[in-house]
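The structure appears below as structure tokens.
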Amino acid sequence: MDTPTIFGMNLKTVTIILLVMVVLLILLVFLIINKLNIISRKYSVLMSGKKGADLEKVIRIRFKEMDQVKANAKRVTKEHKEIKYHLETSINKIGLVKYDAFEEMAGNLSFSLALLNSKNTGVVVNSMHTREGCYTYAKEIINGDSYIPLSDEEKEAIQKAKTIEDEINELVKTSETEDDINFDI
């Protein structure tokens, strides 16, 4: 007698394959249900009673803190701009040259002092010391130049003030390279 076939396969083989697939599907369903129950219990514990209310409270507090951080950031940015403006306009470059104004005087008692801001605008003060007294002159400096003629000492003081940042940067670079030296034995 001929055995019945489905899709060109023996009926018993097809039935066994289908039973194995059903058993695997049932196992898979039980695994999914178990995982879902675990997640559901954790969610219930998290959201139930006092802990759920605490979570909502914590979220609200965090949003308030974020709003405060935004407000502080705006305030700090505004203050930073104001400080930057004041720093640019304040005296932050100084150059000093001491010299003898007259040959009969000794000790470099005369001096030229340049006081400049970051845009090289400010004043140069020249003080000449003689036996009869001390004479002080001030000249306005705009963008590193003066509309009044400058003495050599005043020009040197202005140049020193302009290059003070370069000198500081050079000192910082020197100290940084010294820090890189490894003294481990």
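All values below come from the heavy atoms of this structure, side chains included, with hydrogens, waters and symmetry mates left out. Position 1 is the first residue of the sequence, and the numbers go up from there.
- For Ile94 against Leu113, the heavy-atom pair with the smallest separation is CG2-CD1, 3.7 Å.
- Of the residues listed (Asn92, Val124, Ile91, Ile158), the one engaging Leu116 in a side-chain contact (heavy atoms from CB on, under 4.5 Å) is Ile158, and it is the only one.
- The backbone N or O of Ser40 sits less than 3.5 Å from a side-chain atom of Ser44, completing a donor-acceptor pair.
- Placement of Met21 and Val14 within a single hydrophobic cluster is found when ILVMFWY residues are connected by side-chain heavy-atom separations under 4.5 Å, directly or transitively.
- In this structure, Thr13 contributes its side chain and Met9 its backbone to no donor-acceptor pair below 3.5 Å.
- When the side chains of ILVMFWY residues are joined at heavy-atom separations under 4.5 Å, either directly or via intervening members, Met66 and Ile59 end up in a single hydrophobic cluster.
- In terms of modelled atom types and a separation under 3.5 Å, the side chain of Lys139 and the main chain of Pro149 share a donor-acceptor contact.
- Under the 4.5 Å side-chain heavy-atom criterion for Ile, Leu, Val, Met, Phe, Trp and Tyr, Leu27 and Leu19 are members of distinct hydrophobic clusters.
- Side-chain atoms of Asn117 come within 3.5 Å of backbone atoms of Asn120 as a donor-acceptor pair (strictly under, hydrogens ignored).
- Note: the hydrophobic cluster containing Tyr99 also contains Tyr135 (ILVMFWY, side chain heavy atoms under 4.5 Å, direct or indirect links).
- Looking only at distances, no side-chain donor or acceptor of Ser112 sits under 3.5 Å from a matching main-chain atom of Val97.
- Put simply, the side chain of Glu88 never gets that close to the backbone of Tyr85: no donor and acceptor are under 3.5 Å apart.
- Residue Glu140 holds its CD atom at 7.5 Å from OG of Ser146, rounded to the nearest 0.5 Å.
- Shown here for Gly95 and Ala161, the closest heavy-atom pair between the two residues is N-CB, 3.6 Å.
- A chain of hydrophobic side-chain contacts below 4.5 Å, direct or via other Ile, Leu, Val, Met, Phe, Trp or Tyr residues, connects Val123 to Phe111.
- For the atom pair CD1 of Ile83 and NE2 of His80, the computed distance is 7.5 Å after rounding to the nearest 0.5 Å.
- Looking at Leu109 and Asp100, their side chains never come closer than 4.5 Å, going by heavy atoms from C-beta outward.
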